[in-house]
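For reference, the structure is listed below as structure tokens.
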Amino acid sequence: AQKVTQAQTEISVVEKEDVTLDCVYETRDTTYYLFWYKQPPSGELVFLIRRNSFDEQNEISGRYSWNFQKSTSSFNFTITASQVVDSAVYFCALVNFGNEKLTFGTGTRLTIIP
Amino acid sequence: GAVVSQHPSRVICKSGTSVKIECRSLDFQATTMFWYRQFPKQSLMLMATSNEGSKATYEQGVEKDKFLINHASLTLSTLTVTSAHPEDSSFYICSAISANYGYTFGSGTRLTVV
């Protein structure tokens, strides 16, 4: 069985600060995909990134960056120079290859204080 | 990109009545769709996997007679909450898998049973 842990339930930072959201996963499979989604107050899920288990390269997209480390089973997400619009709940998720069911973490509620 | 349209976005119904929620893939065919339920400040919990032309597969603990799922075409899945009660009030989200975009989520339906 797979499991995704987001230990940080809520985080508040002042605007322009950097913030890292942690994600630790468990799976017995060697081939899997990891995701991050953003859920703003309106409720829809916004796709941020997908990473497969064979690609440990870190990724940067604008102010967002992701650090994937198989050795520690972590897939952390960093927002640089945070903005108020970044306030949302962020979910990390995992799916094993060949299994279509996504397993979500419990989410981290991020509040950016102006 | 792939778009999943979910309607209605909000619905209020009286206890004992039934409510139907629609989930449509607008620009791709989805043989598989998923229905999630999300309570306030909690994660998404998978309710069922909807397969076109066959019966849905329900997760453990989900009452299939209460949450009727129909996936009659490659672009439409419906979730009907039958004889709704206040404890069924929740946020319901569907998602579909597309070959090019992976998981795409609907915008969600906030159900309030009074």
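Naming convention: chains lettered A, B, ... in sequence-line order (proteins, then strands); numbering from 1 in each chain. Keep in mind the model is a prediction, meaning the values are calculated, not measured.
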Is the count of non-hydrogen atoms from other residues, nucleotides or ligands lying under 6.0 Å from B:Lys20 atom NZ greater than 12? no
For the residue pair A:Phe47 and B:Tyr103, is the inter-centroid distance of their aromatic rings smaller than 6.0 Å? no
Interatomic distance, B:Thr49 atom OG1 to A:Lys101 atom NZ [nearest 0.5 angstrom]: 5.0 Å
Are A:Val13 and A:Leu21 linked, directly or through other ILVMFWY residues, by side chains that come within less than 4.5 angstrom of each other? yes
Taking every heavy-atom pair that is under 4.5 Å apart, which of A:Gln39, A:Gln6, A:Arg109 has the most such pairs with chain B? A:Gln39
According to the side-chain hydrogen bond (donor to acceptor under 3.5 Å, both in side chains) rule, which pairs have a member within residues 9-18 of chain A, sequence neighbours left out? none
Using the ring-ring contact (aromatic ring centres under 6.0 Å, His included) criterion, which residues pair with A:Tyr25? Sequence neighbours excluded. A:Tyr32
What residues of residues 27-43 of chain B sit under 4.5 Å from chain A when you count only heavy atoms? B:Thr32, B:Phe34, B:Tyr36, B:Gln38, B:Lys41, B:Gln42, B:Ser43
Does CD1 belonging to B:Ile12 count more than 12 external heavy atoms closer than 6.0 Å? no
Bottom line for A:Val46: the part with an atom under 4.5 Å from chain B's heavy atoms is neither
Report yes or no: do A:Ile112 and A:Ile11 belong to one cluster of Ile/Leu/Val/Met/Phe/Trp/Tyr joined by side chain heavy-atom distances under 4.5 Å? yes
Check for me, please, whether A:Phe35 and B:Phe105 land in the same ILVMFWY cluster - side-chain distances under 4.5 Å, paths through other members count. yes
Of all of B:Glu59, B:Met45, B:Gln6, B:Arg110, which one pairs up most often with chain A through heavy atoms under 4.5 Å apart? B:Glu59
Verify same cluster id: B:Phe91, A:Phe91 (apolar side-chain graph, 4.5 Å): yes
So, the part of A:Tyr33 with a heavy atom under 4.5 Å from chain B: the answer is neither
Would B:Val113 end up clustered with B:Met47 when hydrophobic side chains under 4.5 Å apart are linked, directly or stepwise? yes
To the nearest 0.5 Å, atom CD of A:Glu100 lies from atom OG of B:Ser95 at 10.0 Å
Considering only heavy atoms from C-beta outward, does the side chain of A:Leu45 approach that of B:Leu44 to under 4.5 Å? yes
Using a 6.0 Å cut-off, check whether atom NZ of B:Lys66 has over 12 heavy atoms from anything other than its own residue. yes
May I ask you to list the residues in residues 50-81 of chain A that approach chain B closer than 4.5 angstrom, counting heavy atoms only, ordered by number? A:Arg50
